[in-house]
Amino acid sequence: MLKKRIIPCLDIKDGRTVKGVNFLSIRDAGDPVELAKAYVDQGADELVFLDITATLERRKTLAMLVERIASELNIPFTVGGGISTIDDVSMLIRSGADKVSINSAAVSDPGLVTAIAGKFGSQCVVVAIDTKLINNEWYVYVNGGRTPTDLVAEEWATRVEKLGAGEILLTSMNSDGTKAGFSLDITREVCRKVNIPVIASGGAGRLEHFVDLFNETGCSAALAASIFHFGEIRIPDLKTYLTNNQIKVRC
Amino acid sequence: MIAILKYSSGNIKSVSTALDRIGYRSIVTDNPVELMSAKKVIIPGVGEARSAMLFLKERRLDKVIRSLSQPVLGICLGLQLMTRYSEEGDTDCLGIFDSIVRRLPAGDKVPHMGWNNFSRLSDATILKGIKAEDNFYFVHSYYAEISSMTTAVCDYILPFSAAMQKDNFYATQFHPEKSGEIGERILKNFLEL
C-alpha cells in the first residue's frame, strides 16, 4: 500500500539553513546537508529545500549546494524558490535535484510548467500554491504570499494539472504558523479536483493534526518546517502515532 | 567499470552519485564500446519512452543493449524500455521482457508517487535480503504488466511488475537509488553479481 509521506522543509539562504534548529546534536545546524541527513536518519520520506536568497550569486551557490545534497542523500528531494526559467530548472535538475517547485513563475508564465514537464517529465514539476481565504473564496497569492491574484485555488490547481504538473504543494496562509491544524476544507477540495498527488502544508502543531489531515482529506503527504526543526514533533514519534491511528507510513 | 547509459535530458546523475555513496565508481556513457566492455550496465529511469527509444535506435544502441551478456539493470523507464511495447508514445521497445507497458488507469492519483511495498516477491538474486513489507520509492504513470519474468509485484490501482528478470537482464520499476538504505541493498546485490 502506498504510504503517506512526511516531508520536512528547509529554508536556505546563501547556502545555509535559516531559522534556528535545535532538535539534535548535529555538528553544524546551519549546514543544510547535515540537517538533511539527520532528517533522513529520522525517517523523513522526502525533503524540500526552499531557497529564499535573492542575490545574483544565488544560482551558483544553489547549484553547488544541490550537488552536495544529491551526493549525500539517498531519498528524493525537491528544490524551490525563485525559479523562473527553464534554464534555472535545467541547472537544478542537472545538479541532482529530483523535483523543482515553482510558484510565482507558474502564475506569470503557465507555459513554464508545460515546458519543464516536456523536457524533464511531469514527475519533476511540483507547483506550489499559496492560498488565503478572503470573503469565502480561497485566492492564490504569489511572491512569497505578498501579492494577491484573482486566481481561485481549486481552479488554479485543476489548471496546473492540465499544464503538466506532477504534484501540488498546497499551503494555507490562514493556517501557516498558527500550529492550530491544517486547513482541511481547502485541502480536501483541491485533492478532489485533481488526480495528481497533493502535499499539504501550513498549520501543523500537534500529532493529531496529521491524523486529521490524512483521515479527512485525500492528500498524499504533509510538509512542515519549524515543528520539526525545533523538535516539537519528532518524525519517529509522528510515524508511530500515525501507525497507531491506522494511517500507513514508512517506518 | 560500471557503465551508466547516457540518454535523454533528465537526472541520470542520481544513479552515479548513489554508486559513489556505496563505493563503486562508474562512467556515464552512450559509447557502444564502453557499454559492451563494462562489467555491469545500468539503464537509469528518466524521460519518456518514445524519445528514449528513438535516441537508442539512432545510435543503434538498441542492438547493443540486447546483445549485452554482462548483468544489466534497468530502473523505472529503464524497466519499461526492456519490455516489448509501451503505450507511452505508441513505442516498440527492446523486447527483452515478454510484457507490455500501459498507462495506470483511473482509480487513484497518477503518477504513483511515493513509498510502496510488494504484494508478491520471488527470491530473485537482486532482491536478496528484501522483504515484501520493505518500502521503495516509486514515481511513474505507466506500468509493466505482470509476466513470467516478474520477480516482484506491487499493488497500486492494480497489480503490476515492480521488478523483473530474464537471464542477465534485471529491472526495477522503483528507484533503488532514491530508496534509502534498503534501496542501496538492491544496488549492492546487483553490483556484487
Verify the neighbour count for atom [atom1] of [X]: are there more than 12 heavy atoms of other residues, nucleotides or ligands below 6.0 Å?
X        : atom1 : result
B:Arg120 : CZ    : no
A:Lys162 : NZ    : no
B:Glu181 : CD    : no
B:Asp123 : CG    : no

Based on non-hydrogen pairs under 4.5 Å, which of B:Asp155, B:Val110, B:Asp108 is most in contact with chain A?
-> B:Val110
Among the listed options B:His175, B:Glu133, B:Glu184, the residue most often paired with chain A at heavy-atom distances under 4.5 Å |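 It is B:Glu184.
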I'd like to verify something: which residue of [options] has the highest number of heavy-atom pairs under 4.5 Å with chain B?
options                     : answer
A:Ser71, A:Gly218, A:Pro76  : A:Pro76
A:Leu73, A:Val249, A:Val198 : A:Leu73
A:Val194, A:Ile75, A:Val40  : A:Ile75

For residues [X] and [Y], determine if any side-chain heavy atom of one lies less than 4.5 Å from a side-chain heavy atom of the other.
X        : Y        : answer
B:Lys109 : A:Ile196 : no
A:Arg250 : B:Asn117 : no
A:Ser122 : B:Ser141 : no

Contacting moiety of B:Asp20, where chain A heavy atoms sit under 4.5 Å |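 Nothing of B:Asp20, per the 4.5 Å heavy-atom cut-off to chain A.
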Measure B:His140 against the heavy atoms of chain A and call it side chain, backbone, both or neither at under 4.5 Å.
->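 B:His140 has no heavy atom closer than 4.5 Å to chain A.
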Rounded distance [0.5 Å steps], CZ in B:Phe138 versus NZ in A:Lys3 = 9.5 Å
Atom pair CG/CG of B:Asn135 and A:Leu2 - distance to nearest 0.5 Å | 9.0 Å
Determine the minimum heavy-atom distance between A:Pro197 and B:Pro111, stating which atoms define it.
->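 Looks like CG-O, 3.8 Å.
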Closest approach of A:Asp45 to B:Trp115 (non-hydrogen atoms, all atoms of both residues) |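 Distance-wise, the nearest heavy atoms are O-NE1, 2.9 Å.
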With a 4.5 angstrom heavy-atom cut-off, could you sort out which part of A:Glu72 is near chain B: side chain, backbone, both or neither?
-> backbone
With only heavy atoms counted, which part of A:Cys124 is less than 4.5 Å from chain B, the side chain, the backbone, both or neither?
->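 Contact with chain B is absent: no heavy atom of A:Cys124 under 4.5 Å.
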Is there a side chain to side chain contact (heavy atoms under 4.5 Å, CB included) between A:Arg5 and B:Met113 once you walk through the steps?
-> CA-CA 10 Å; A:Arg5 286 172 280 154; B:Met113 188 185 282; 4.0 Å; yes
Backbone of A:Met1 reached by a side-chain donor or acceptor of B:Asn116 within 3.5 Å | yes
Assess the side chains of A:Asn74 and B:Lys178: does a donor N or O sit below 3.5 Å from an acceptor N or O?
-> no
